[in-house]
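Each chain gets a letter, A, B and so on, in the order its sequence line appears, and its residues count up from 1.
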Amino acid sequence: MQEKYLPSEIEGAAQAQWAASQAYRAHDASDRPKYYCLSMFPYPSGKLHMGHVRNYTIGDVLARYHTLRGYNVMQPMGWDAFGLPAENAAIANSVPPATWTYANIDHMRAQLQALGFAIDWSRELATCKPDYYRWEQWLFTRLFEKGVIYKKMASVNWDPVDATVLANEQVIEGRGWRSGALVEKRDIPMYFFRITQYADELLSGLDSLPGWPERVKTMQANWIGKSVGVRFAFPYTIDGQDDQLWVFTTRADTIMGVTFCAVAAEHPLATRAARDNPALATFIAECKQGSVAEADMATMEKKGMDTGLSVTHPLTGEAIPVWVGNYVLMSYGEGAVMAVPAHDERDFGFAKKYGLPIKQVIDARESARQLQQAIADTRANRALSAEEADYAEELAEHTTEFTDRVWQEWYGSKAGVCINSGKYDGLDYTAAVDAIAADLEALNLGEKKTQFRLRDWGISRQRYWGCPIPIVHCDTCGDVPVPAGQLPVVLPEDVVPDGSGNPLNKRADFVNCSCPKCGAPARRETDTMDTFVESSWYYARYACPDFDGGMFDARANDWLPVDQYIGGIEHAILHLLYARFFHKLMRDEGLFGAEYVRSGPALSPTLPQAGRGQTLGPNRFDEPFANLLTQGMVIADTYYREAADGKKTWFNPADVELRDGVATLKSDGQPVIAGGTEKMSKSKNNGVDPQALIDQYGADTARLFTMFAAPPEQSLEWSDAGVEGAHRFLKRLWKLVYEHVQGGPLPNPLPLAGEGANARPKRINDLRRQLHQTIQKVSDDIERRKQFNTAIAAVMELMNALARLEGDDAMTRSVRQEALEAAVVMLAPIVPHIAEALHAELGPGAAMTWPVVDESALVQDEIELMLQVNGKLRGQIRVAATAPREAIEAMALASEAAQKHLEGRPPKKVVVVPGRLVNIVV
RNA sequence: GCCGGGAUGGCGGAAUCGGUAGACGCAGCGGAUUCAAAAUCCGCCGCUGGUAACAGUGUGGGGGUUCGAGUCCCCCUCCCGGCACCA
């Protein structure tokens with residue numbers, strides 16, 4: 001055995017051996033339970049960044065752990081290869097996006113391989129390849145014919161100078177990123193998926209996902225935003241025509257307080273009013289400026305203008321003025337809202353600004369008063385609990401008078417009763433909504449309706465580098481889907497975009513075609529699909545990436561669902577919701593989950609086992625990802641210098657030297673300014689190149705540090721010193737094994753486990769107890785808690801104890817062998833290369849299996865309890881592990897520490913928490 | 001603006017079900033080894049007072065529940081993620 005730990009040597013050898021033996025090939029036919037472990041595939045941006053290293057190491061730890069536990073593991077990898085950055089690179093360097101993308105993929109694949117991930121590379125796929133996206137096009141045509149996909153107008157950001165559609169991130173402070181032109185909203189036709197048709201199932205399905213983080217499920221539920229309300233109309237007559245203005249509200253109980261309506265700038269009423277109102281026309285044009293991003297809409301100043309038109313209140317018959325509001329969106333709901341300034345904060349602000357009337361119709365004070373009366377009655381009978389007293393106090397704050405001067409929280413409360421509302425006076429929220437909905441329905445002017453915040457998914461992109469939408473536009477036949485036999489519609493790869501519109505429009509060879517229905521000359525659709533479409537089904541294609549007879553074969557049934565999905569928290573809503581939606585679409589198309597004909601032996605489905613993570617129930621094809629782990633960002637320090645004109649130059653932390661709290665640039669020795677710790681990014685130049693790390697310390701050190709520095713779900717702060725600490729641990733581990741192996745062969749089997757503990761010295765039993773406690777903890781940390789930093793810390797503690805264990809007798813050497821063997825296997829998921837090398841040195845020939853806990857090693861006769869007096873720690877007592885409560889109490893009271901702090905006072909109460917502490921209350 | 005998270009020593013973090021706050025690692029300090037340095041090994045290390053024993057104090061800020069709160073409840077501040085065309 002080598003005395004020195006040489007990472008490059010052992011890592012190269014291990015990787016070569018894994019490749020030669022196809023060690024990580026997932027077997028389609030196996031009698032072992034399957035474990036499908038998937039990390040979100042990367043966008044091939046050029047180089048791997050630390051976020052990737054972290055993501056894929058987490059996945060690899062779980063994959064390797066389950067392999068050691070006897071599962072048939074599949075861990076695939078691929079490329080989310082379509083997208084905007086390739087077009088940006090093309091504009092900057094005049095390279096076709098395809099060329100750039102394929103070069104990046106080759107580079108990043110090599111980097112992933114250097115990190116030693118247990119990936120089945122035979123399943124690799126890239127979404128920009130026709131053999132992948134042809135099935136996306138095929139599914140599109142089926143869904144189009146089924147009506148799941150439809151066409152409608154939608155708003156986009158339009159750059160009038162570059163004559164191109166901009167992504168939201170390309171709009172900076174209302175201007176195009178390259179041209180600097182003021183961005184406008186423009187309506188263009190787009191294809192939409194009817195995701196709203198699945199809204200209910202997407203919402204209720206969250207309940208079948210115990211293996212998902214609660215916060216992700218909450219975010220998705222809020223995003224879907226199911227609300228029950230009333231859709232109703234304000235009738236009006238204009239140009240001698242009777243018509244109706246429809247709105248939706250969740251606060252129908254406040255309908256008697258409507259003092260105006262607001263419509264979107266694009267609403268027909270607004271357009272009609274602007275016809276003979278030039279000022280309004282100008283205002284409407286102004287509303288069309290700016291980006292379509294919701295965050296911008298929500299934070300901008302709320303502006304409006306009177307249309308001069310009015311509609312009739314359906315219940316009171318009053319004339320209600322109609323305003324145009326820049327905050328009302330045509331694409332949301334009806335493009336119009338009723339405004340109740342007294343009970344909606346936004347309406348209140350708007351009314352104040354434009355001097356519109358505010359009419360109170362809800363009195364939350366009344367309900368507060370009733371509750372207070374109830375509390376007073378209770379008080380007369382008994383004392384209030386602390387909780388009740390709190391509540392009473394809170395209620396008291398809600399009894400101030402209504403005033404139209406300042407908004408107060410309780411104005412928006414649903415916990416009130418109607419006032420100033422005629423026949424509805426005195427009704428509470430539910431009763432008022434019911435009564436009002438019934439009256440509107442009787443007038444044929446409204447009904448109760450369930451509405452979702454979720455909108456249909458627009459997938460048309462006016463870009464080149466994406467999956468072509470397989471539609472042909474024919475003058476006579478309309479939009480005709482490309483027949484299956486003519487798929488794929490291949491994207492030409494020799495194109496260099498120039499930033500002004502979609503270059504596909506200029507490609508006659510792509511655009512010109514004949515109608516599949518009538519054969520007449522026709523035009524091919526040049527919009528491509530949202531790249532979220534590709535990432536919505538790739539996980540299923542990994543089961544059968546080589547299948548060219550259809551989207552999936554029977555192997556998809558075997559491997560789905562994904563047992564563990566790992567990716568960034570930034571995907572909590574969009575990607576994960578779209579993938580869940582797609583899964584249901586594909587299920588309903590019978591692509592998996594239905595009856596199928598299989599050839600060859602089947603996989604065993606994942607066995608639900610205690611503590612083995614969550615497994616989906618009987619409907620295992622309803623959801624794509626049984627368990628989800630959302631990892632945090634990788635962040636690092638930033639440093640910059642500011643030029644006279646305020647322009648900042650950012651320096652990479654690797655080029656900065658820190659001494660006595662002063663940061664200087666290594667190259668010139670002059671100081672730089674610390675700019676805080678932020679997400680690693682190109683713009684702040686604070687990225688750490690994983691390659692440099694691998695070159696200097698090896699892949700195992702990079703993996704160990706990223707797993708040790710923080711738990712997966714938190715953000716991870718980069719630290720070069722911390723990396724060295726991780727490397728030092730591996731060197732210590734190597735040395736411990738080296739010194740042990742130098743001692744020569746040991747008896748087989750080791751004389752340790754089972755009975756006879758009494759015959760062994762205490763230091764041996766103590767070490768074995770720690771060893772088996774560590775096995776227990778590490779198993780639980782990896783499998784259930786998915787918290788690897790504490791698992792590593794536990795093994796480090798074990799190694800520290802082992803280093804302190806002295807003696808060269810057979811017993812000591814045996815326990816050392818047992819501990820080292822177990823430690824090496826426990827670390828193997830995290831640092832597989834060194835683990836493999838050390839395992840070979842410790843137990844020649846034997847295959848690695850996860851260590852088993854020896855329960856007998858865990859037994860303890862005596863335990864230590866903390867002793868508190870009035871909740872303050874005052875000492876410890878040692879008691880027999882089996883001591884009864886009374887004996888513990890007596891010992892505690894008799895103890896010196898207790899006597900000292902009791903100062904003769906009699907104990908009022910003694911709290912005994914078994915195995916933990918004793919608290920004496922005086 | 002709305003939705004979801006987070007805040008613990010000089011630093012990253014631990015404390016899993018309300019029960020010893022600071023495991024493990026980094027940095028720092030002291031020592032061993034060395035001609036010297038690097039590497040390695042050993043010890044100390046929240047803050048305040050004290051030679052010490054010990055005492056007080058301490059988990060972003062304010063209030064509360066409890067024998068006991070980093071953990072639960074209410075209010076506030078700051079930071080981060082998402083907001084439908086970045087992926």
Categorize [X] for me: base, sugar-phosphate, or nothing, with a 4.0 angstrom heavy-atom threshold over every strand shown.
X	answer
A/Ser715	sugar-phosphate
A/Thr790	sugar-phosphate
A/Lys735	sugar-phosphate
A/Arg346	nothing
A/Gln868	base
A/Lys777	base

Using heavy atoms to find the nearest nucleotide of RNA chain B for A/Gly871 and A/Arg215 separately, return the residue whose nucleotide is more 5′. A/Arg215

Residue whose closest nucleotide on RNA chain B lies nearer the 5' end, A/His901 versus A/Ala709: A/Ala709

Please determine whether a side-chain nitrogen or oxygen atom of [X] lies at a distance below 4.0 Å from atom OP1 or OP2 of [N].
X	N	value
A/Gln773	B/A23	no
A/Lys872	B/A55	no
A/Arg804	B/C42	no
A/Arg728	B/A27	yes
A/Asn800	B/C24	no

Distance check needed: [N] [atom2] versus [X] [atom1], whole Å only.
X	N	atom1	atom2	result
A/Asp347	B/G1	CG	P	18 Å
A/Leu733	B/U40	CG	P	15 Å
A/Lys226	B/C3	NZ	C1'	19 Å
A/Phe705	B/C26	CZ	P	11 Å
A/Leu873	B/G58	CG	P	16 Å
A/Glu713	B/A14	CD	P	12 Å

Distance from [X] atom [atom1] to [Y] atom [atom2], nearest 0.5 Å?
X	Y	atom1	atom2	result
A/Thr630	A/Leu576	OG1	CG	9.0 Å
A/Leu203	A/Asn222	CG	CG	9.5 Å
A/Lys217	A/Leu209	NZ	CG	6.5 Å
A/Glu896	A/Leu867	CD	CG	11.5 Å
A/Thr790	A/Asp781	OG1	CG	3.5 Å

Among the nucleotides B/A14, B/C67, B/G19, which one has an atom lying closest to any side-chain atom of A/Gln714? B/A14

From C-beta outward on A/Glu797, which listed nucleotide comes closest to its side chain: B/C26, B/C24, B/C41? B/C24

Are [X] and [Y] an aromatic pair by the rule of ring centers under 6.0 Å?
X	Y	answer
A/Phe41	A/Tyr538	yes
A/Tyr539	A/Tyr565	no
A/His727	A/Phe705	no
A/Tyr578	A/Trp457	yes

Check whether NZ of the Lys or CZ of the Arg A/Lys152 lies under 6.0 Å from the centre of the six-membered ring of A/Phe192 and within 45 degrees of that ring's axis. yes

Using atom C1' of each nucleotide, how far apart are B/G12 and B/U59 to the nearest Å? 16 Å

All stems with RNA chain B, defined as three or more consecutive Watson-Crick or G-U pairs under 3.5 Å: B:1-7 with B:77-83, B:10-12 with B:24-26, B:28-32 with B:40-44, B:46-49 with B:54-57, B:60-64 with B:72-76

Going by a 90° cut-off around 0, is B/C17 syn or anti? syn

Enter syn or anti for the glycosidic conformation of B/G9, syn applying to angles within 90° of 0. syn

What I want to check is whether an N or O donor and acceptor connect the side chain of A/Arg784 with the base of B/U16 at under 3.5 Å. yes

Aromatic rings A/Phe193 and A/Phe582: how do their planes relate, parallel, tilted or perpendicular, breaks at 30° and 60°? tilted

Return a single string for nucleotides 78-87 of chain B, one symbol per nucleotide in 5' to 3' order, where B is base contact, S is sugar-phosphate-only contact and - is none, cutoff 4.0 angstrom on heavy atoms. --SBSBBBSB

